[in-house]
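Scroll down for the structure; my scribbles are underneath it.
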Amino acid sequence: MNQMKEVSSGEMLSLCKRRGFIYPAYEIYGGIAGLYDYGPLGTALKGNIADLWRRTYVLQEGFVEIDGDTIGPEAVFKASGHVDNFADLSVTCKACGESFRADHLAKGLHPNPDSLSIEELQGLLRANGVRCPCGGEFADVEEFNLMFKTKIGPGAGRTGYLRPETAQSIFVNYINLYRHCRERLPFGCIQVGRGYRNEISPRQGVIRLREFNMMEAELFVDPEDKSWPRYGRIKDRKVRLVPNTDGVEVEMGIGEAVDRGIIGNETLAYFIWVTYDFLTAVGIDPARLRFRQHLKAEMAHYASDCWDAEALISFGWTEIVGIADRGCWDLSQHMRFSKADLTAFKRFDEPKEVERDAIRPKFGAIGPRFKGAAGDIKRQMEAMDASAIHDGLVTVIVDGTPVDLDADHYDVVRVREKVNGVRVVPHVIEPSHGLDRILYSCLEHAYAERDGYVTLRLRPAVAPIKVGVFPLMAKDGMEEVAKALDLALREEGIATYYDDSGSIGRRYARMDEVGTPWCVTVDYDTLEKGDVTIRDRDTAEQARVPADDVVAWVKDRLKHGLVC
RNA sequence: GCAGGUGUAAUCUAGCGGUCAGGAUUUUAGCCUUCCAAGCUAAAUACUCGGGUUCGAAUCCCGACACCUGCACCA
C-alpha cells in the first residue's frame, strides 16, 4: 500500500490557495484574520456538499428549507441569550496572562455584580485590591462581545446584530413553519447560511472563522414522543461513540446506545446516524470520525444531551457537527420575549370530558384595585387552575412584578370542559453543521501524496470538476471530437474541464490535484472506432468506452440514491 | 488579548548592509510529442505595509497587519 504522508495544515492551505479552493480574504490590503474567501473550486465544492446535505434532510427526511436574514434586531438575541451570554466583561492578569470573568471576581463585593457597568466593575475591583491568584495585578476590565453589532436604519436607528447562528431565523419563523407543515409534530426545517462571531483569536485557517457557513437543522418534536419512524431500519448500525461517563471510545450500535441510556432518545440517536452517513458520503474518513458526548459541564444549560461529530485533522480532533437536544428552551425564550404563542396543539384521539377546579376572577375586587391591568389578570387566572393556589393565595404578574391575591379576588369553581387536545412547547433536536470545517476536513481526508505527487481523492459527488476532457493532442481533428464530448457532458449538467495543453500526463496530474474523478481522452482510435478512454483518478486504470456512451457512463456513476 | 517565532512571485525557496534580488515548480505563447507532472525556445509575476538608522536596507531598529506555536477564549 502507498506510504501516505500526513498532510500538514500549511501544505493543505497552500494547495487550497494555489488551486483556487480557499483564499485569505482582502489579501491585497494585508488580510483580515478569520476571514477567507472561497475560490472557484472551493465554491463548487461547498455547493456540492450543501446540495448533498439538502438531499439528506429535505428529500430523505422530509424537512423544509428556509433562507433567513443574517441581521436581526436586538430582541431576538436578548431572547436567545446571546446578548447577555456572548458579551463577557473580563480582566487579564498582567503577570501570568490568565483571564477571568470580571463579574465572578466581584462576587461577594457587590450584591449583583452582573448589573454593573465596565467603569463600576473596574472601580469595585480596584477599590478592593482584587489580584490574580498568582499575585499579579490585573489590567483594565474589557468587554468581549462576540457578536457583531450594527445599527438598523438611519440616525439612532435600532440596535441590530449579525446572527451568531442561523438557528434563530428558524425559531422566529416557528408559527409560519408550523402552519406550513400542517400543524403536526414532528416537523423539521433546515437552513444553509452564514453566521458571524467576532472571535477574539481566529486561528487554524478555516476552522475558526469570524464569518462562517453553517448548515443547521431544527427538528420540532413532541416532548413526550422522541421516536422517529425511520429509526428501526438503522438501529443496528454502528458508530464510534465517546460517552461522557468515562470518556472511553466504544464502537456501538445506535440502538444499543439508546437502550443503555447512553444516547438520550431515539430521534437524537437517529440523527447521529444520519450525520455519520452524510459525513462519510461527502468523504470524511470513517476511521477519523467519532461522536463525542458533551461533558455535563460543557453542555449548554438548556441542552439535555449533546453529541459532537469530530473529525481527526491536522489540528487534532475537531468538532464539525453538533447534535443537541435543546429541549423547549429556544421556543420558550422567544415566547417569553415576544409574547407570541409558539406551541403545538396535540389533538387527542378522542375529545376528553374533564372536570377541573378553575379560578374565576372577582371583578368587584380586581377591577377597582388594578384598573387597566384587570383584563390581563383575568387572562392569567383563566390559564390557571386550583393547583396554582398556595396558602390561599394566587400569584399574578402585574406590570412585571408578582402580586399575591387572596380569596377576596377569586372563586374556585368546578367546571366541566370538553378538551380536544393540549398545547405543548415542542422540543428541538438540532443537528448543526460547520460547513467550512466539513469542507476542510474533506480536503484533508482526501489528500494523498506519494513522492510529491498529490491526489485529492474527493468523492465524485462533491468533486468540483467531474470529468477532465482531453484530446490526446490538439491536432488531426481530435480536439473537435473532444470539444463536442465536453459540450455534451456540460449540457447534462456535468462539470467538466477541457484541456488540450502540454503533455497528457501533466493534464492528468492537474486534474488529480483538484480531485477530478475521471478523465476522458480522445485519441486516434476514437477517430476510427469512435471509442475513448476513461481514466480513473485513484487507480490510474483506463477503460475504453464508446464516445456516445460517456455521458451515460458518468451519469450512472454520479447517481446517488438517498443514503440511509 | 498575552508571550515567542515567521513574512522574498500563484507555490517552495536562495540571500545575512553594496552591481539589473537567484533558482525550482507553476502559468502563458510557440515547437515537439500516439496516454500519466518528458524535452526545447521565449515570456510573465516577488522583497507584507508604514516609519527610522545609513552614502546605501530584502537584510539592522520601531510600529501596524497577516501566518505559525503556546496561554486565554470557544454560550
Side-chain angles (χ1 to χ4, degrees), chain A residues 8-11 13-20 23-36 39 77 80-88 90-101 136 139-140 142-147 164-165 167 197-205 207-210 212 294 297-303 306 314-315 318-319 322 324 326 329 434 451-455 468 470-476 478 501-513 519-527 532-537 539-542 544:
Chain A
S8 74
S9 60
E11 287 170 318
L13 288 167
S14 163
L15 183 139
C16 282
K17 186 178 173 193
R18 192 157 41 83
R19 288 304 188 186
Y23 306 130
Y26 308 110
E27 218 181 358
I28 63 169
Y29 288 104
I32 300 282
L35 297 181
Y36 284 84
F77 303 108
S80 70
H82 289 100
V83 169
D84 295 324
N85 297 334
F86 233 45
D88 291 339
S90 75
V91 288
T92 304
C93 171
K94 288 177 180 170
C96 68
E98 190 90 1
S99 276
F100 297 90
R101 288 272 297 268
D140 289 349
E142 293 174 306
E143 184 176 42
F144 287 152
N145 192 335
L146 273 292
M147 280 199 295
E165 58 176 14
R197 296 179 190 186
N198 202 358
E199 294 287 351
I200 295 164
S201 167
R203 202 76 74 76
Q204 303 174 315
I207 299 303
R208 175 88 65 76
L209 294 171
R210 289 190 164 128
F212 52 100
H294 274 206
E298 181 182 12
M299 229 175 295
H301 59 278
Y302 49 80
C306 184
S314 58
F315 299 113
T318 303
E319 175 193 351
R326 297 170 68 122
W329 198 80
D451 304 327
Y453 186 96
V454 174
T455 302
F470 316 141
L472 187 57
M473 282 169 295
K475 61 177 187 184
D476 300 332
M478 285 184 280
S501 73
S503 75
I504 191 75
R506 175 168 305 199
R507 284 177 268 163
Y508 285 149
R510 199 181 278 127
M511 288 293 100
D512 286 346
E513 205 181 18
C519 291
V520 174
T521 303
V522 171
D523 57 19
Y524 283 101
D525 282 353
T526 310
L527 302 179
V532 297
T533 58
I534 301 182
R535 177 254 192 195
D536 181 86
R537 175 193 66 206
T539 61
E541 279 166 11
Q542 301 187 344
R544 285 225 60 105

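Note that the coordinates shown come from a computational prediction; the quantities given were computed from them, not determined experimentally. Within every chain, numbering begins at 1; the chains are lettered A, B, ... in the order of the sequence lines, protein sequences first and strands thereafter.
- For Arg535(A) and Tyr508(A), the positive end sits near the middle of the six-membered ring, less than 6.0 Å away and at most 45° from its axis.
- Within the 4.5 Å cutoff, no side-chain heavy atoms of Arg208(A) are placed close to those of Arg197(A).
- One can place CG of Leu13(A) at 16 Å from P of A66(B), the figure rounded to the nearest angstrom.
- Taking each heavy atom of Ser9(A) and Phe315(A) in turn, the nearest pair found is CB-CZ, 3.3 Å.
- The interatomic distance linking Arg208(A) (CZ) with G70(B) (P) rounds to 13 Å, in whole Å.
- Gln204(A) comes within 4.0 angstrom of the backbone, heavy atoms only, and of no base.
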Is there any protein nitrogen or oxygen under 3.5 Å from a nitrogen or oxygen in nucleotides 32-35 of chain B, and what are the pairs?
unit_1: C35(B); atom_1: O2; unit_2: Tyr508(A); atom_2: OH; d: 2.3
unit_1: C35(B); atom_1: O2; unit_2: Gln542(A); atom_2: NE2; d: 2.6
unit_1: C35(B); atom_1: N3; unit_2: Tyr508(A); atom_2: OH; d: 3.4
unit_1: C35(B); atom_1: N3; unit_2: Thr533(A); atom_2: OG1; d: 3.0
unit_1: C35(B); atom_1: N4; unit_2: Asp523(A); atom_2: OD2; d: 3.0
unit_1: C35(B); atom_1: N4; unit_2: Thr533(A); atom_2: OG1; d: 2.7

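- Checked against side-chain hydrogen bond (donor to acceptor under 3.5 Å, both in side chains), Glu199(A) has no partners two or more places apart in sequence or in another chain.
- Ranked by how close their nearest RNA chain B nucleotide is to the 5' end, Gly205(A) and Asp536(A) are led by Asp536(A).
- Ala33(A) comes within 4.0 angstrom of the backbone, heavy atoms only, and of no base.
- If you take atom C1' in A64(B) and the same atom in G56(B), they sit 26 Å apart, rounded to whole Å.
- Rounded to whole Å, atom C1' of C67(B) lies 19 Å from atom OH of Tyr26(A).
- One finds no salt bridge joining Glu513(A) and Arg506(A) here, because no Lys/Arg side-chain nitrogen approaches an Asp/Glu carboxylate oxygen to under 4.0 Å.
- We find that CD of Glu11(A) is positioned 15 Å from C1' of U13(B), with the value rounded to whole Å.
- Taking all atoms of both residues into account, the shortest heavy-atom contact from Ser501(A) to Arg507(A) is O-NE, 3.1 Å.
- Only the P atoms considered, A21(B) is 23 Å distant from C61(B), to the nearest whole Å.
- C16(B): no Watson-Crick or G-U partner with both key distances under 3.5 Å is found in any strand.
- By the neighbour-count criterion of 12 heavy atoms within 6.0 Å, atom OH of Tyr524(A) is densely surrounded, having more than that number from other residues, nucleotides or ligands.
- For the C1' atom pair drawn from A44(B) and A9(B), the interatomic distance equals 10 Å after rounding to whole Å.
- If you check A3(B) for Watson-Crick or wobble pairing at under 3.5 angstrom, you find it paired to U69(B).
- Under the Watson-Crick and G-U wobble criteria, each requiring two contacts below 3.5 Å, nucleotide C40(B) is paired to G30(B).
- Inter-residue side-chain proximity for Pro164(A) and Phe77(A) is flagged as met; some heavy-atom pair is nearer than 4.5 Å.
- Searching all strands for a Watson-Crick or G-U wobble partner of A24(B) with both distances below 3.5 Å returns U11(B).
- Looking at the side chain of Ser201(A), the nearest of the listed nucleotides G1(B), A10(B), C73(B) is G1(B).
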> What does nucleotides 43-52 of chain B look like as a protein-contact string, B for base, S for sugar-phosphate only, - for none, at under 4.0 angstrom between heavy atoms?
Replying inline: ----------

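- Taking the C1' atom of each, U34(B) and U25(B) are spaced 27 Å apart, rounded to whole Å.
- When both pairing distances are held under 3.5 Å, U48(B) makes a Watson-Crick or G-U pair with A64(B).
- Considering only residues two or more places apart in sequence or on other chains, Tyr453(A) meets the side-chain hydrogen bond (donor to acceptor under 3.5 Å, both in side chains) condition with Asp512(A).
- Side-chain contact between Thr318(A) and Ile207(A): present, with at least one pair of heavy atoms (C-beta onward) separated by less than 4.5 Å.
- Within the 4.0 angstrom heavy-atom criterion, no nucleotide atom of any strand lies near Gly81(A).
- Taking atom CG of Asn198(A) as the reference point, atom P of G1(B) lies 10 Å away to the nearest angstrom.
- Nucleotide U54(B) is matched to nothing when pairs are restricted to Watson-Crick or G-U wobble geometry with both distances under 3.5 angstrom.
- Residues Arg210(A) and Asn198(A) have side chains in contact (heavy-atom distance under 4.5 Å, counting atoms from C-beta outward).
- Within 4.0 Å (heavy atoms only), Phe470(A) reaches no atom of the nucleic acid at all.
- The 5' end of RNA chain B is approached more closely, in terms of each residue's nearest nucleotide, by Glu541(A) than by the other of Pro202(A) and Glu541(A).
- Considering only heavy atoms from C-beta on, Leu472(A) comes within 4.5 Å of Ile504(A) through its side chain.
- When rounded to the nearest whole Å, the span between CD of Glu27(A) and C1' of A10(B) equals 10 Å.
- Taking atom C1' in both U59(B) and C68(B), one finds a spacing of 22 Å when rounded to whole Å.
- Separation of the C1' atoms belonging to U8(B) and C67(B) is 15 Å when rounded to the nearest angstrom.
- For the pair Tyr453(A) OH and C36(B) P, the interatomic distance rounds to 11 Å; values are reported in whole Å.
- Salt bridge annotation for Lys17(A)-Glu27(A): present, with a cationic side-chain nitrogen under 4.0 angstrom from a carboxylate oxygen.
- Between Pro202(A) and Gly34(A) the shortest heavy-atom distance is CB-CA, 3.6 Å.
- Spacing between C12(B) and U26(B) at atom C1', rounded to whole Å, works out to 11 Å.
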Distances under 3.5 Å between nitrogen or oxygen atoms of protein and nucleotides 26-31 of chain B:
unit_1: U27(B); atom_1: OP1; unit_2: Arg510(A); atom_2: NE; d: 2.9
unit_1: U27(B); atom_1: OP1; unit_2: Arg510(A); atom_2: NH2; d: 2.5

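- Contact of the Phe470(A) side chain with the Met478(A) side chain is not registered, since no non-hydrogen atoms from C-beta on lie closer than 4.5 Å.
- Here C68(B) is the nucleotide among A10(B), C68(B), A37(B) with the atom lying nearest to any side-chain atom of Arg203(A).
- No side-chain heavy atom of Leu209(A) sits under 4.5 Å from any side-chain heavy atom of Gln204(A).
- In this structure the side chain of Val532(A) never reaches within 4.5 angstrom of the side chain of Thr521(A), judged on heavy atoms.
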Detail all sub-3.5 Å separations between protein N/O atoms and N/O atoms belonging to nucleotides 4-8 of chain B.
none

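- One P atom belongs to G23(B), the other to C60(B), and the distance between them is 24 Å to the nearest Å.
- Between Leu146(A) atom CG and C73(B) atom P the separation is 12 Å, expressed in whole Å.
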